[in-house]
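I have placed the structure first, in the form of structure tokens, so that the comments after it can refer back to it.
Residue numbers start from 1 in every chain, and the chains themselves are labelled A, B, ... in the order their sequence lines are given, proteins ahead of strands.
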Amino acid sequence: MTRTLPTPTANHASRVGESRGTDGSQAACTPAPSTPESELPEAVPAPAMRPVPSTPAPEAVGLTHEQIEEFGRRLDAIRDRILAERGASDADYIRGVIRNQRRLEVGGRALLFAGIFPPAWLAGTAMLSVAKILENMEIGHNVMHGQWDWMRDPKIHSTTWEWDLVSSAQDWKESHNYRHHTYTNVLGKDRDVGYGLLRITEEQRWSPYYLGNPVYNLLLSLLFQWGVALHDLEYEKVVSGEKTRSAFWTQLKRIGRKIRRQVTKDYLVFPALAGPFFLPVLLGNLTANAVRNVWSHAVIFCGHFPDGTVVFTEDQLEGETRGQWYLRQMLGSANLDGGPLFHLMTGQLSFQIEHHLFPDLPSNRYCEVAPEIRALCAEFGLPYTSGGLGRQYLQVLRKINRLALPGGSVRGPVPLAAGPIS
Amino acid sequence: MMRTGTSRRPTRLLAGLMSGVGALTTPLRPADFVDLVDPLWSAAVPRGRVVEVRPETRRATTLRIRPGRGWAGHRAGQYVRVGVEVDGVRHWRSYSLTSPESSPDGCISITVQALPGGTVSPVLAHRTPIGAVLHLEPAAGDFILPDRPGRLLMLTGGSGITPVMAMLRTLAARDALDDVVLLHSAPSPAETIFDGDLRTLARRPGLRLVVRHSDTEGLLQLTELERVCPDWVDRESFVCGPAGLLDDTERHWAAAGLAGRMRQERFTTPRLGGGAGGTVHYGGAATRSAGAALGTEVAVDGATSLLEAGEAVGVPMPSGCRMGICFGCVLPLRAGQVRDLRTGRVHGEPGDLVQTCISGASGPARIDTTTQGDSR
Ligand SMILES: Cc1cc2nc3c(=O)[nH]c(=O)nc-3n(C[C@H](O)[C@H](O)[C@H](O)COP(=O)(O)OP(=O)(O)OC[C@H]3O[C@@H](n4cnc5c(N)ncnc54)[C@H](O)[C@@H]3O)c2cc1C
Ligand code: FES
């Protein structure tokens, strides 16, 4: 299949070869062996999100079809190597994280019983927040991806895992593992683009509703786990008739059960156990849930919406090859720089690119393959978007604010830039 | 194989308490937190800790195991399925219990002979330290002593001595080792598992022990049986050993019209997998007898995924991405093996959940399409 592009794309070329990982490297994990900075077109202002007019067509990134398939084969080889190496140390890693997460949770909740003393409240709330974040991101998200299924431990398995979020594992696996990871950043298919609430790309038609964009985002951030549950429900599909009412209803009941359990645990039973000191416990639990919401929202939004990430249209999916799929994952994702603790706290979603290329590899391995992926991108002249959390999140916020108003392009017209570097 | 053994249920009070505690631990179970402190406590998932490692021969090792709360005991001759992590992957294998039915300290033992090239047995035999925690399933198997053992004949080869050892020890402990003939074949004196223990037991008048060595005397022939134990037709017989011995005895007893007087334990099942393509049965979990009628049998060529093959004949198959990334298509493998269409690797053990969208057939296999969706 060949396609012709409407406009051979200056703006695409402008991004090619530009490594955005300029300030930090993927720290502790090995510095990224990327093209020397000085050779790159420095800080070319780029459009916030570049709709690529075809299945990430080779032309769009200055590569031939054959080169893209070669890119895919090289990625497959990396994947196969990790699969062959996977073993006891990986198993020890996830078991260790799970053990420590549970200890943190027990410790945090115990301290909160002494929550009338401010230091105990602070420490307890911090521990519980960290525990909830780990449970959600490094453990829940990754276990449910099947990253640890190979261990054949029924207790750490994608088919049995349930998490401490109001969305149910079953619904989340469907919307996330399948839709989001298969149709990553495809408008109308990947519901993670804007979570059905926000205007996150100029491709979404503006309506006055979006004047509230910044407010919706703030609310989504604070109430992220509720937003995710709502998003899994896909109510608009019931309206459009794609989903039956009874399917919607069973799903709603499932979520209702999860809500009941979390609310009972965090806002009834644990506070009640503290007797007269129920208030600090309740507030601690509320805070921990909110901290997790804000943190996971920030990390996840930085994974797909900073400048440099690309959205795609549905017709691009047709006849997509393995290499093109890889390319779409690559162009649609962005990494976050930081140290090992930071990566752990993001559930290794700071390696969003690696996660999207290899969603079922054990998360502890992303940090190891990241420099290879970066080098591969440099070799093929592909952009590899990466930056610090602060910078990336500001870009996302700026975009959300800008897109509240009609129109789109965040930084004005796209300048022409140098051709591909390889 | 039949599963026996009663499970010791926690009292109702305890169960009620646990479900109350469950409100605090949701979405986890209270037991998940107890595991942090004591992995043997769980009653739902029996586990055991290795307390002693005793080499029997160069290749065989006895592991004494202190089972946790979930263990419900065993009958002499039964086996236990043991879950072992090898390179991070849990494998389950069966091992005959070699300890008597009730031992004073409540420990059980298995005796494992390392097979060259084997996945699990070399690890258990040579690389399992004291303190290691093993996963257990309830004891199972109907290779057990009759309630009133009369005159017995045991015919064993190599590591096939293991279930019989438990029987002899149980009889000895009950002072019921009255009239037993044991004809055992082992490669050499040095390769004879339980050599010393057997000789000690044979000091009792009730046990007549004949150990012969195949390195010098060749494989055991059933003609020897007439010589060693002329009254074999009058005895209840137990046979365990290599496939050849089992096949021979099966024919021999059947020819004498005595099939009902002989029991066998088979350690090996033929490997089913291999190559690309095969016949796949889509249906329920049950094996042979009950299940075969239900479900669909499909000949799958080497290039087709189990997902496509199932869908093509109208089996309702769960799926998602259809490219191996979402795990929305996993179904339990009940028998046989599958082939990873991406890498060509043939893999699978009964109970494994396989991604049907990237797995092809490799010989005969059974896919369970009845247990779909979330297990909670
Ligand atoms: C009821 C029962 C009771 C048992 N009791 C005992 C006991 O008391 N003691 C005991 O030692 N064992 C016992 N066994 C056998 C035990 O369960 C295991 O089968 C045995 O330990 C071998 O396991 P493994 O993982 O080491 O070998 P596996 O990896 O399962 O391999 C088995 C054999 O096949 C060979 N093999 C492996 N892969 C291939 C391949 N691709 N192609 C060809 N050949 C291959 C190996 O070299 C090995 O010889 C019992 C089995 C049963 C069913
Ligand atoms: S359908 Fe997604 S992994 Fe098989």
### Query
Hey, are Ser362(B) and Gln337(B) close enough side-chain-wise for a donor-acceptor pair under 3.5 Å?
no

### Task
Using a strict cut-off of less than 4.0 Å between a Lys/Arg side-chain nitrogen and an Asp/Glu carboxylate oxygen, indicate whether Glu234(A) and Arg179(A) qualify as a salt bridge.
yes

### Query
So what's closer than 4.5 Å to chain A heavy atoms on His91(B): side chain, backbone, both or neither?
both

### Message
Given heavy-atom pairs under 4.5 angstrom as the criterion, report whether the side chain, backbone, both or neither of His157(A) touches chain B.
### Response
side chain

### Message
Quick check on Ala88(A) against chain B: is it the side chain, the backbone, both or neither that has a heavy atom closer than 4.5 Å?
### Response
both

### Query
Given a strict heavy-atom distance threshold of 4.5 Å, which part of Thr343(B) is in contact with chain A: side chain, backbone, both, or neither?
side chain

### Task
Considering only NZ, NE, NH1 and NH2 on the basic side and carboxylate oxygens on the acidic side, decide whether Arg47(B) and Asp35(B) come within less than 4.0 Å.
yes

### Message
Under a 4.5 Å cutoff for heavy-atom pairs, which residue among Asn177(A), Leu83(A), Asp76(A) has the most contacts with chain B?
### Response
Asn177(A)

### Message
Given heavy-atom pairs under 4.5 angstrom as the criterion, report whether the side chain, backbone, both or neither of Arg322(B) touches chain A.
### Response
neither

### Message
For a quick test of reading the model, state the closest non-hydrogen atom pair linking Leu306(B) to Ala361(B) and the distance between them.
### Response
CD2-N, 3.8 Å

### Query
Is it true that atom CZ of Phe33(B) has more than 12 heavy atoms of other residues, nucleotides or ligands lying nearer than 6.0 Å?
yes

### salt_bridge(Lys258(A), Asp171(A)) N-O dist < 4.0 Å
no

### Which atoms of Ile98(A) approach chain B - backbone, side chain, both or neither, heavy atom under 4.5 Å
neither

### Task
Against chain B, label Trp163(A) side chain, backbone, both or neither, depending on which of its atoms sit under 4.5 Å from a heavy atom there.
backbone

### Query
Between Asp153(A), Asp92(A), Thr264(A), Val269(A), which shows the greatest number of heavy-atom pairs under 4.5 Å with chain B?
Asp153(A)

### Summary
If one checks every heavy atom of Arg260(A) against chain B at 4.5 Å, the contacting part turns out to be neither

### Message
Strictly below 4.0 Å, N to O, side chains only: are Arg73(A) and Asp80(A) in salt-bridge contact?
### Response
no

### Task
Answer with side chain, backbone, both or neither: which region of Asp90(A) has an atom nearer than 4.5 Å to a non-hydrogen atom of chain B?
neither

### When Val45(B), Thr25(B), Ile325(B), Val86(B) are compared by non-hydrogen pairs under 4.5 Å with chain A, the top option
Ile325(B)

### Message
Using modelled atom types and a 3.5 Å cut-off, is there a donor and acceptor pairing between side-chain atoms of Asn100(A) and backbone atoms of Gly96(A)?
### Response
yes

### Query
So does Arg79(A) pair up with Asp360(A), basic N to acidic O under 4.0 Å?
yes

### Task
Decide, yes or no, whether a salt bridge links Arg93(B) with Glu349(B) under the criterion of side-chain N to carboxylate O below 4.0 Å.
yes

### Task
Go through Tyr178(A), Phe358(A), Tyr183(A) and name the one with the most non-hydrogen pairs under 4.5 angstrom from chain B.
Tyr178(A)

### Query
With a 4.5 angstrom heavy-atom cut-off, which part of Leu353(B) approaches chain A: side chain, backbone, both or neither?
side chain

## Note on the structure
Per-residue tally against chain B (heavy atom, under 4.5 Å) across Arg95(A), Glu105(A), Glu135(A), Arg322(A) peaks at Arg95(A)

